[in-house]
Amino acid sequence: MKVELAPLPYAKDALAPFVSAHTLDVHYEKHHKGYARELAELVRGKPEEKLSLEQLVRDSTGDVFDNAAQVWNHDFYWRSMKPGGGGEPAAGPLRDLLASSFGSVADMKQRLAEAAGSRFGSGWAWVISDQSGRLRVESTPNAENPLQREYTPLLTVDVWEHAYYLDYQNERARYVRGFLDHLLDWDFLAANLERVGLLGRRAPSS
Ligand code: FE2
C-alpha cells in the first residue's frame, strides 16, 4: 500500500470564515499528512503494507489502526464539506429519506449537533447506515470508524480540538453549527447513499 493523500477538494481559504485558511492549512498539512507519514513508517516492510487503507481501518489495531483510520477519516471529512454548503437539501429524494429516517432535515442536523457536542474528548460525529440500511447518527472516540462495526459511513464531522480550536477556541458548538449551516455537502451524502443503494439515482442535470 502506498499511502498517498488526495489533494483537498477546494482551496484552503474556500471554507472561511466557518473554517479558516489557517485551520485548514494546519489540519491538512500537519495533522492529516502527519498521520499518513506515520502510517507509511509503521507498515513499511510488514505484511500490512500489502493491505488497502480500508482493510487496515477494518482489521488493524493499535498504532497502525489509529493512523490508518485518521488518514481515512480526514479524507472523508474534507469531502463532507464544500463552500456554500449547509442549510437544507432541495426538495427531492434525499430530503424525503432524511425526513422518513429522522423526522425532518432539522432533526437530523440537531442529532448530529448533539452527537458532536456530547462526544467527550476527541472523536468524530457520523451519519451512518447500519446493516439493515437504517440511517443513524452516532459519534466515535479518537480515531474509531463505523467500518469497524460493518456500518457504512455517509458523512462525518471532525470534533478533535485541532479541527476548530484556532477559530473557535473551546466553542465546539459554534464550529459544528457553522459546519451544519454553511459547509455540509448534501451532494456527498446523497452520493454515498446512492452508492449503497439507499437512494435512487438522480437524473443528470441538464
Ligand atoms: Fe482532524
Side-chain angles (χ1 to χ4, degrees), residues 3-43 53-54 56-58 60-83 85-86 109 112-128 137-149 151 153-185 188-189 192:
V3 183
E4 247 178 28
L5 293 192
L8 281 172
Y10 29 70
K12 285 182 183 155
D13 61 358
L15 305 182
F18 309 104
V19 173
S20 69
H22 186 197
T23 289
L24 210 47
D25 184 53
V26 173
H27 203 171
Y28 181 75
E29 299 293 342
K30 307 294 184 194
H31 292 280
H32 197 185
K33 286 188 177 174
Y35 296 125
R37 197 165 46 242
E38 182 71 18
L39 177 61
E41 283 174 22
L42 285 166
V43 301
L53 184 63
E54 185 171 321
L56 288 177
V57 172
R58 288 181 185 277
S60 67
T61 58
D63 290 347
V64 171
F65 168 78
D66 285 338
N67 287 281
Q70 286 294 81
V71 170
W72 194 102
N73 295 355
H74 281 89
D75 184 62
F76 203 71
Y77 168 62
W78 308 136
R79 291 182 290 135
S80 294
M81 300 184 282
K82 71 172 181 184
K109 290 170 69 176
L112 201 51
E114 287 168 5
S118 63
R119 165 53 51 198
F120 184 79
S122 297
W124 300 82
W126 305 85
V127 180
I128 59 122
V137 165
E138 63 170 45
S139 73
T140 58
N142 303 315
E144 289 184 21
N145 182 298
L147 290 169
Q148 295 170 281
R149 283 169 293 146
Y151 294 155
L154 300 167
L155 188 93
T156 197
V157 191
D158 188 345
V159 294
W160 285 56
E161 283 189 345
H162 65 225
Y164 60 89
Y165 212 85
L166 291 171
D167 297 333
Y168 298 93
Q169 288 74 58
N170 59 320
E171 295 184 75
R172 182 190 290 182
R174 277 211 303 133
Y175 151 71
V176 173
R177 186 44 59 190
F179 175 98
L180 294 171
D181 290 345
H182 300 281
L183 300 177
L184 192 164
D185 187 346
F188 182 63
L189 174 61
N192 288 325

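In this chain, residues are counted from 1 in sequence order. Keep in mind the model is a prediction, meaning the values are calculated, not measured. One-based numbering, in listed order, for ligands and for the atoms of each.
Note on the Fe ion (ligand 1): protein N/O/S atoms under 2.8 Å are H27 NE2, H74 NE2, D158 OD2, H162 NE2.
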Side chains of residues 171-178: which donor-acceptor partners sit under 3.5 Å, not counting sequence neighbours?
residue	atom	partner	partner atom	Å
E171	OE1	R174	NE	3.2
R172	NE	Y164	OH	3.2
R172	NH1	A116	O	2.8
R172	NH1	R119	O	2.8
R172	NH2	G121	O	2.8
R172	NH2	V159	O	3.4
Y175	OH	Y77	OH	2.8
Y175	OH	D158	O	2.6
R177	NH1	D181	OD1	3.3

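Applying the ring-ring contact (aromatic ring centres under 6.0 Å, His included) rule to F18 yields the partners H182; only residues at least two apart in sequence or on another chain are considered.
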Checklist entry - Hey, mind stepping through E54 and R58 against salt bridge (Lys or Arg N to Asp or Glu O under 4.0 Å) and telling me if it holds? => result CA-CA 6 Å; E54 185 171 321; R58 288 181 185 277; 2.9 Å; yes
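For residues 61-75, the salt bridge (Lys or Arg N to Asp or Glu O under 4.0 Å) pairs, not counting sequence neighbours, are D75-R79.
A 6.0 Å sphere centred on NE2 of H22 holds no more than 12 heavy atoms belonging to other residues, nucleotides or ligands.
In this structure, a donor-acceptor pair under 3.5 Å is present between the side chains of D167 and S20.
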